[in-house]
Protein chains: 2
Amino acid sequence: MARDDLGAMVARLGRRLLAMEQPILARHGVSMWAYVVLNGLAGGSVRTQAALAARIGADKTRLIPVLDDLQERGLIEREPDPADRRVRLLALTDSGREVHRVVRDEIRTAEEALLEGLAPADREAFVRALVTLS
Amino acid sequence: MARDDLGAMVARLGRRLLAMEQPILARHGVSMWAYVVLNGLAGGSVRTQAALAARIGADKTRLIPVLDDLQERGLIEREPDPADRRVRLLALTDSGREVHRVVRDEIRTAEEALLEGLAPADREAFVRALVTLS
DNA sequence: TATTGTTATACTCTATAACTATA
DNA sequence: TATAGTTATAGAGTATAACAATA
């Protein structure tokens with residue numbers, strides 16, 4: 001069975017997913033990186049900017065404008081750690097948590113619609129494989 | 001079963017595949033875009049630069065330095081179409097076909113190694129799903 | 001007038017280095 | 001001296017617009 005390289009197919013699928021998510025994010029005024037940050041903070045285990053950068057695989061300097069924006073819009077809190085005042089402790093506000101939940105639900109719904117194109121057994125195996133490989 | 005968004009997982013897998021391919025490409029002195037071009041031409045159905053750009057989803061202007069380099073190195077031919085002298089007809093040289101074959105084989109081998117981490121049934125379903133979705 | 005390929009330019013994204021304030 | 005975060009800068013990658021040569 002002739003097929004493209006995995007790399008080519010994964011890249012195409014990535015572009016397709018991105019195109020699918022873009023309108024959802026735009027509708028809520030959230031950039032891709034802002035969503036990734038909200039997502040990273042939603043777990044609750046990440047507290048500092050350095051930890052967040054490591055978690056989402058971004059440079060720490062890339063995060064700063066995103067955090068500035070999210071803070072201005074009241075979606076995150078960013079306060080000096082009393083125990084080490086070099087560190088900023090990050091947390092979602094209620095409003096941030098809500099935006100994250102809404103956007104995430106819409107994205108998940110759109111993902112499900114995409115997976116409808118697969119046989120049910122393949123669908124489960126695909127997600128399982130993706131969890132393992134990623 | 002809590003999992004990340006498909007987008008996040010696909011992006012991570014994409015980065016992983018890229019990191020895996022990078023040393024192979026470097027060893028043969030071929031950039032990612034150069035490989036994509038060789039791959040696009042290997043099928044034989046694509047003949048013009050515009051068609052190639054469309055096929056691989058790249059801007060036509062992005063292709064030009066890549067084609068210049070591949071031509072200088074004797075991996076592709078690029079000649080005006082006698083029937084329409086605006087058009088450049090592209091083709092792999094024997095040497096280009098050989099480089100493509102070698103690189104592709106190494107990439108496929110590495111991909112197989114990656115897929116070893118999956119149960120055989122999941123492996124097939126994963127590739128099948130990827131073909132469908134991408 | 002429209003199209004293929006090319007060049008020049010501007011823009012975006014990302015990484016690097018230098019700086020501050022703490023420790 | 002080392003570290004968290006910030007700022008400024010430079011580099012890479014990409015897209016946009018203008019151009020030359022055909023049709």
Below 4.0 angstrom, N of the basic side chain to O of the carboxylate: do Arg47(A) and Asp81(A) qualify?
no

Decide side chain to side chain contact (heavy atoms under 4.5 Å, CB included) for Leu52(B) and Leu67(B); before the verdict, give the C-alpha distance in whole Å, the side-chain angles of both, and the deciding distance to 0.1 Å.
CA-CA 11 Å; Leu52(B) 177 60; Leu67(B) 296 174; 4.2 Å; yes

Nucleic acid contacts of residues 31-39 of chain B, taken as heavy-atom distances under 4.0 Å to DNA chain D
Trp33(B)

Whole-Å distance, Leu67(B) CG to dT6(C) C1', equals 12 Å

Residues of residues 14-27 of chain A with any non-hydrogen atom less than 4.0 angstrom from an atom of DNA chain D: list those, numerically ordered, please.
none

Calculate the interatomic distance between Asp68(A) atom CG and dT6(D) atom C1'; express it in whole Å.
9 Å

Mark yes or no for whether Arg16(B), through its side chain, and Leu133(A), through its backbone, hold a donor-acceptor pair below 3.5 Å.
yes

I'd like to know if Leu25(A) and Leu41(A) are part of one continuous hydrophobic network [Ile/Leu/Val/Met/Phe/Trp/Tyr, side-chain heavy atoms within less than 4.5 Å].
yes

Here the distance between atom P of dA21(D) and atom CG of Asp81(B), to the nearest Å, is 19 Å

Could you identify which residues of residues 47-66 of chain A place a heavy atom less than 4.0 Å from some atom of DNA chain C, listed by residue number, or say none?
Asp59(A), Thr61(A), Arg62(A)

Nearest-nucleotide 5' precedence on DNA chain C, Val87(B) against Arg85(A):
Val87(B)

Applying salt bridge (charged side-chain N to carboxylate O under 4.0 Å, His left out) as the test, list every pair that has at least one member in residues 20-40 of chain B; sequence neighbours left out.
Arg27(B)-Glu106(B)

Whether Arg88(A) contacts dT3(D) is assessed here as follows: a side-chain N or O lying under 4.0 Å from the phosphate OP1 or OP2. Is that the case?
no

Identify, with sequence neighbours excluded, every residue that meets salt bridge (charged side-chain N to carboxylate O under 4.0 Å, His left out) alongside Arg88(B).
none

Euclidean distance, atom CD1 of residue Ile76(A) to atom P of dG5(D) [Å, nearest integer]:
12 Å

Going by modelled atom types, is there a donor-acceptor pair between the base of dT3(C) and the side chain of Arg86(B) at under 3.5 Å?
yes

Near Arg12(A) CZ, under 6.0 Å, is it more than 12 heavy atoms from other residues, nucleotides or ligands?
yes

Could you check Leu92(A), Leu75(A), Leu70(A), Asp94(A) and say which one makes a side chain to side chain contact (heavy atoms under 4.5 Å, CB included) with Val99(A)?
Leu75(A)

Mind checking whether Phe126(B) and Arg128(A) have side chains closer than 4.5 Å, heavy atoms only?
no

When you measure from the side chain of Thr93(B) to the backbone of Gly74(B), do you find a donor-acceptor pair of N or O atoms at a distance under 3.5 Å?
yes

Quick one: list whatever passes side-chain hydrogen bond (donor to acceptor under 3.5 Å, both in side chains) with Gln71(A), sequence neighbours left out.
Arg78(A)

